[in-house]
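From a predicted model like this one, the values you see are computed outputs, not experimental measurements.
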Amino acid sequence: MATTTILGTELELKQRKHNAEQANGEFSEITPPASDNERSDEMGKGMPLRANIAAPTEALVGSESDPYGYKNRKKTVLEQHCVFFDRDNDGVIWPTDTWRTCREFGWGIRLSLFFSCFLHLVQSWGTVPWFWLIPDPLFRVWIHNIHNNKHGSSTLAFDNEGKYRPQFLDEFFERNDKDGKGGLTFEEGYYGLRRIRFAWDIFGQISAFFEWGMTYVLLWPEDGIVRKDDARRVLDGSIFHELTMQHRKYNGNAKAQ
């Protein structure tokens with residue numbers, strides 16, 4: 001176990017240095033974990049049980065080619081998922097911010113309107129500052145309180161603080177990928193969520209199915225299969241910039257023709 005921990009730490013330092021160089025940032029040594037208890041015995045690869053970087057087993061410290069996680073390393077992974085929608089970086093997401101981001105994904109007007117309205121109607125109240133006694137009439141979302149909207153009947157890849165637990169996402173994909181194709185179809189993800197739903201958890205069930213549906217629409221895989229790494233990059237938000245750039249490139253090519 002000690003060898004695994006040392007190896008994991010060395011790989012983390014190497015990967016963080018690589019991400020920092022890509023982000024043109026400064027790199028500082030990361031203090032290794034105080035004990036092996038902070039590592040996952042089950043994973044066996046120096047994987048943190050709870051992390052601020054959404055790291056798969058194949059890349060210990062997150063997306064290798066994208067410095068997004070390093071730039072937002074002081075935020076939880078759940079906050080990293082949301083920060084892309086914060087257009088002015090003030091820590092608050094307005095419904096118009098979500099609308100504009102959806103349009104940049106290439107979504108139509110009706111889908112963007114539905115997503116923005118549903119998301120802010122459901123997510124706003126739980127994130128308002130603690131001294132507010134009423135819901136926000138403008139339906140804004142405060143990123144630093146987004147963990148208050150953690151719900152059940154999900155993969156449980158996020159803990160109650162918004163930190164990432166990689167083993168839960170791995171287990172969900174491995175359990176529901178029946179023929180070993182490396183991902184899940186929409187139906188497999190849907191029935192997988194049905195199997196792990198909590199009794200009488202109406203809010204959690206609706207939220208989980210909504211999130212899976214929007215993830216599928218966002219990725220829209222050509223072969224109908226959502227890969228685990230793409231789902232992970234949705235969780236930490238690192239794929240959002242890539243998708244917007246793809247849409248801009250597509251629009252540019254269409255106009256050129």
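F210 and L184 fall within the same hydrophobic cluster, where Ile, Leu, Val, Met, Phe, Trp and Tyr residues are linked whenever their side-chain heavy atoms come under 4.5 Å apart, directly or through other members. Using a 4.5 Å cut-off between side-chain heavy atoms of Ile, Leu, Val, Met, Phe, Trp and Tyr, with links allowed through other members, L218 and I93 fall into the same hydrophobic cluster. In the hydrophobic clustering of ILVMFWY residues, with side-chain heavy atoms under 4.5 Å counting as a link, F131 and L133 come out apart. In this structure, F114 is a member of the same hydrophobic cluster as I206, with clusters built from ILVMFWY side-chain heavy atoms closer than 4.5 Å. Tracing side-chain contacts under 4.5 Å through hydrophobic residues (I, L, V, M, F, W, Y), one never reaches I109 starting from V217; they form parts of separate clusters.
A donor-acceptor pair under 3.5 Å is formed between the side chain of D97 and the backbone N or O of W94. For D236 (side chain) and V77 (main-chain N/O), no donor-acceptor pair under 3.5 Å exists by modelled atom type. Under a 3.5 Å cut-off, the side chain of W212 and the backbone N or O of F186 do form a donor-acceptor pair. Judged purely by atom type and a 3.5 angstrom limit, D177 has no side-chain atom pairing as donor or acceptor with the backbone of F173. Checking side-chain atoms of R103 against main-chain N and O of S112 turns up no donor-acceptor pair under 3.5 Å. S124 places a side-chain N or O within 3.5 Å of a backbone atom of R140 that can act as its donor or acceptor partner. Although no hydrogens or angles enter the test, the distance criterion places a donor-acceptor pair under 3.5 Å between the side chain of R227 and the main chain of I225. Of the possible donor and acceptor atoms, none in the side chain of D230 sits under 3.5 Å from a partner among the backbone N and O of V234.
Within 6.0 Å of the CH2 atom in W220, the count of heavy atoms belonging to other residues, nucleotides or ligands does not exceed 12. A 6.0 Å sphere centred on CZ of R195 holds more than 12 heavy atoms belonging to other residues, nucleotides or ligands.
Taking the six-membered ring wherever Trp is involved, the centroid distance between the rings of F240 and F105 falls below 6.0 Å. In summary, the aromatic rings of F198 and F203 are positioned with their centroids too far apart to meet the 6.0 Å limit.
Taken to the nearest 0.5 Å, the CG atom of N176 stands 8.0 Å off from the CG atom of L193. In this structure, H147 NE2 and T127 OG1 are separated by 10.5 Å, a value rounded to the nearest 0.5 Å. Taking NE2 from H81 and CD1 from I239, the interatomic distance works out to 12.0 Å, rounded to the nearest 0.5 Å. The distance from the CD1 atom of I134 to the CH2 atom of W125 is 10.0 Å, given to the nearest 0.5 Å.
Of the N and O atoms on the side chains of Q80 and N72, not one donor lies less than 3.5 Å from an acceptor on the other residue. Using a 3.5 Å distance cut-off with no hydrogens or angles, the side chains of R232 and S238 do not pair a donor with an acceptor. Inspection of the T98 and H120 side chains reveals an N or O donor paired with an N or O acceptor under 3.5 Å.
We find that E104 and R248 are joined by a salt bridge, their nearest charged nitrogen and carboxylate oxygen being less than 4.0 Å apart. Taking 4.0 Å as the cut-off between side-chain N and carboxylate O, D229 and R233 do not count as a salt-bridged pair.
For the side-chain hydrogen bond (donor to acceptor under 3.5 Å, both in side chains) test with E188, the passing option among R175, K178, K181 is K181; the others fail.
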task: Go through the steps to decide whether W130 and N145 satisfy the test side-chain contact (heavy atoms from CB on, under 4.5 Å), and finish with yes or no.
output: CA-CA 9 Å; W130 65 270; N145 286 333; over 6 Å; no

- prompt: Going through the distances and angles, do W107 and M214 end up as a side-chain contact (heavy atoms from CB on, under 4.5 Å)?
  reply: CA-CA 11 Å; W107 293 1; M214 290 296 99; 4.2 Å; yes

- prompt: Taking it one step at a time, do T185 and Y216 satisfy side-chain contact (heavy atoms from CB on, under 4.5 Å)?
  reply: CA-CA 9 Å; T185 63; Y216 192 89; 5.9 Å; no

query: R165 and L156: side-chain contact (heavy atoms from CB on, under 4.5 Å), yes or no, with the steps?
result: CA-CA 8 Å; R165 299 187 291 192; L156 303 179; 3.6 Å; yes

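At a threshold of 4.5 Å between non-hydrogen side-chain atoms, the residues Y190 and E187 do not count as touching.
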